[in-house]
Enquirer: 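One structure is given below, represented as structure tokens, and several questions about it will come after.
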Protein chains: 2
Amino acid sequence: MNNRRQKEIPSPVIRRVSKYLIHIERLEEKGRKWVSSKDLADALGLTRSTVRMDVSYLRVSGVSKRGYAVEKFRKTVAKFLGVHKGCKVIIVGAGNLGRALALHKAFAQKGFKIGGIFDSDSGLLNEKVGSLRIRSMDTLSQVVRRQKIRLAIIAVPAQAAQEVADKLVQAGVRGLLNLACADLIVPNSVAVIESRIAMDLRELCCAVRMRE
Amino acid sequence: MNNRRQKEIPSPVIRRVSKYLIHIERLEEKGRKWVSSKDLADALGLTRSTVRMDVSYLRVSGVSKRGYAVEKFRKTVAKFLGVHKGCKVIIVGAGNLGRALALHKAFAQKGFKIGGIFDSDSGLLNEKVGSLRIRSMDTLSQVVRRQKIRLAIIAVPAQAAQEVADKLVQAGVRGLLNLACADLIVPNSVAVIESRIAMDLRELCCAVRMRE
DNA sequence: TAGATTGTTAATCGATTAACAATC
DNA sequence: TAGATTGTTAATCGATTAACAATC
């Protein structure tokens with residue numbers, strides 16, 4: 001593909017690193033100063049080797065016998081993931097799920113700010129969701145440009161998902177979190193993470209059967 | 001581990017198979033009778049080899065030159081995943097997210113039925129969410145036993161997640177879908193799928209940065 | 001110092017892809 | 001028949017784990 005500033009990171013590593021961050025944040029709250037690869041491995045059910053390999057992708061250097069400095073680790077990981085206070089996200093779809101996410105406290109806690117909620121149903125226009133007002137899809141592109149929004153959550157029914165994705169991509173959004181049960185086709189330059197709860201449930205169903 | 005009836009299936013396979021099911025269901029609605037490994041591979045961005053290997057784990061046999069019979073494929077995959085009409089799930093946590101999921105239409109469409117919604121806040125007791133009433137945590141174990149519930153969705157704040165998981169496990173639930181930003185510790189006999197939207201957003205953040 | 005832990009290289013393991021005979 | 005597709009085995013690729021010297 002195109003030449004990247006960053007070394008190519010395997011996606012299992014990224015997934016684990018975002019788990020490390022959650023864990024490290026909790027340790028920091030508790031006042032812990034140091035964490036070792038063994039601590040992390042035990043807490044997350046991994047091997048020490050895996051943790052150390054993952055850490056080697058970051059620019060965190062550890063100290064023999066003590067491990068990694070918690071605060072520095074947390075800062076470096078947050079920077080690595082591109083997470084910073086006030087990273088803005090918009091939500092498309094103001095149904096039950098879209099509204100719930102707009103009000104979801106964990107987002108703010110994890111550094112995200114909801115930059116707007118949109119719906120194609122003009123009956124919902126201007127209705128309040130927390131401190132936000134539901135906006136029309138016509139204003140989407142303008143909002144994305146003005147506020148320099150890069151991330152969007154798709155919380156619309158499956159049939160509408162592709163059309164919404166197209167609009168978002170055209171408006172310049174760079175990453176989509178897809179909650180709809182639909183496979184999205186997007187240009188290579190746009191990242192998509194699937195988070196389809198109904199699909200997860202099916203996977204769970206299967207996992208349960210496997211261990212019976 | 002314990003001896004299983006089923007051959008051990010790699011989890012990437014399970015994840016892909018649940019994607020096949022979504023796709024196949026749509027094809028069936030459209031009246032398609034046959035689907036080939038090439039069709040599936042193209043639709044989901046995989047190689048034909050991968051699709052055929054995955055299919056070989058199922059008990060679907062294909063026909064040279066035509067591929068797989070759509071209806072039979074769909075039925076076999078649904079059975080393989082353990083998904084059947086009316087598979088019951090309970091939701092713990094009647095905050096924004098829990099309520100939204102209780103009302104979420106995609107669940108019913110995908111064969112799941114919400115068997116109850118629970119919250120520890122007695123102020124919410126008996127409040128209506130769609131056709132359900134919010135129940136107290138004290139009744140959880142009874143409901144799980146009577147209705148033979150095997151799956152639960154955890155939609156409570158991170159601090160409460162482990163306690164809720166313990167209660168669910170004790171009540172006899174076999175699979176947990178965790179929406180809380182907390183790492184759950186459960187016995188090996190219980191399956192856990194993580195579906196933490198805030199974490200997914202962070203992963204997305206990172207993915208976006210990678211391709212800049 | 002002795003012991004614990006990092007950082008990195010090499011070995012292992014498993015998943016994906018390629019290849020191809022069998023089949024319709 | 002010729003061509004397309006399955007089903008399976010072998011080759012490749014990449015991720016995980018093990019091992020160990022360096023370090024504090």
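The chains referred to below are lettered A, B, ... by the order of the sequence lines, with proteins before strands, and numbering in each begins at 1. Note that these values count all heavy atoms, side chains included, but never hydrogens, waters or copies made by symmetry.
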Enquirer: Using a distance-only test with no angle check, is there a side-chain donor-acceptor pair under 3.5 angstrom linking B:D166 and B:Q162?
Expert: yes

Enquirer: A:D54 or A:K65: which one's nearest nucleotide on DNA chain D is closer to the 5' end?
Expert: A:D54

Enquirer: Could you pull out all donor-acceptor pairs under 3.5 Å where a side-chain atom in residues 42-49 of chain B meets a protein atom, sequence neighbours excluded?
Expert:
from: B:D42; atom 1: OD2; to: B:K38; atom 2: NZ; distance (Å): 2.9
from: B:T47; atom 1: OG1; to: B:T50; atom 2: N; distance (Å): 3.1
from: B:T47; atom 1: OG1; to: B:T50; atom 2: OG1; distance (Å): 2.8

Enquirer: Pairs of donor and acceptor atoms involving the side chains of residues 11-19 of chain B, under 3.5 Å and at least two apart or interchain, shall be tabulated with distances.
Expert:
from: B:R16; atom 1: NE; to: B:D54; atom 2: OD2; distance (Å): 2.6
from: B:R16; atom 1: NH2; to: B:D54; atom 2: OD1; distance (Å): 2.9
from: B:R16; atom 1: NH2; to: B:D54; atom 2: OD2; distance (Å): 3.4
from: B:S18; atom 1: OG; to: B:R15; atom 2: O; distance (Å): 3.0

Enquirer: Could you check which residues of residues 19-29 of chain B get a heavy atom under 4.0 Å from DNA chain D? Sort them by number, please.
Expert: none

Enquirer: Could you check whether atom CD of B:Q170 has more than 12 heavy atoms from other residues, nucleotides or ligands sitting under 6.0 Å from it?
Expert: no

Enquirer: Please map the stems of DNA chain C, keeping only stretches of three or more Watson-Crick or G-U wobble pairs with both distances under 3.5 angstrom.
Expert: C:3-24 with D:3-24

Enquirer: Flag the pair A:E25 and B:R202 as a salt bridge only when some basic side-chain nitrogen lies within less than 4.0 angstrom of an acidic carboxylate oxygen.
Expert: yes

Enquirer: For A:R16 and A:V63, find the nucleotide of DNA chain D closest to each by heavy atoms; which residue's nucleotide sits nearer the 5' end?
Expert: A:R16

Enquirer: In Å and rounded to the nearest 0.5 Å, what is the CD1 to CZ distance from A:I24 to A:F73?
Expert: 5.0 Å

Enquirer: Taking B:D39 as the fixed residue, which of B:R66, B:R26, B:R32 is the one that meets the salt bridge (Lys or Arg N to Asp or Glu O under 4.0 Å) rule?
Expert: B:R32

Enquirer: Test side chain to side chain contact (heavy atoms under 4.5 Å, CB included) on B:I197 and A:L177; report intermediate values, then the result.
Expert: CA-CA 9 Å; B:I197 302 175; A:L177 183 67; 3.5 Å; yes

Enquirer: Do you know which two heavy atoms are closest between B:A207 and A:A191, and how far apart they sit?
Expert: CB-CB, 3.8 Å

Enquirer: I need the minimum non-hydrogen distance between A:A180 and A:A158, along with the two atoms involved.
Expert: CB-CA, 4.2 Å

Enquirer: Can a side-chain donor-acceptor contact be found between A:S56 and A:R52 if the only test is distance below 3.5 angstrom?
Expert: no

Enquirer: At the 4.0 Å heavy-atom cut-off to chain B, mark where contacts on DNA chain D begin and end, going 5' to 3'.
Expert: D:dG3 to D:dT9

Enquirer: Would you say the ring centroid of B:Y20 lies under 6.0 angstrom from that of B:H23?
Expert: no

Enquirer: Just wondering, more than 12 heavy atoms not from A:E163 lying within 6.0 Å of its CD?
Expert: no

Enquirer: Hey, can you pull the residues of residues 38-53 of chain B with a non-hydrogen atom under 4.0 angstrom from DNA chain C?
Expert: B:T47, B:S49, B:T50, B:R52, B:M53

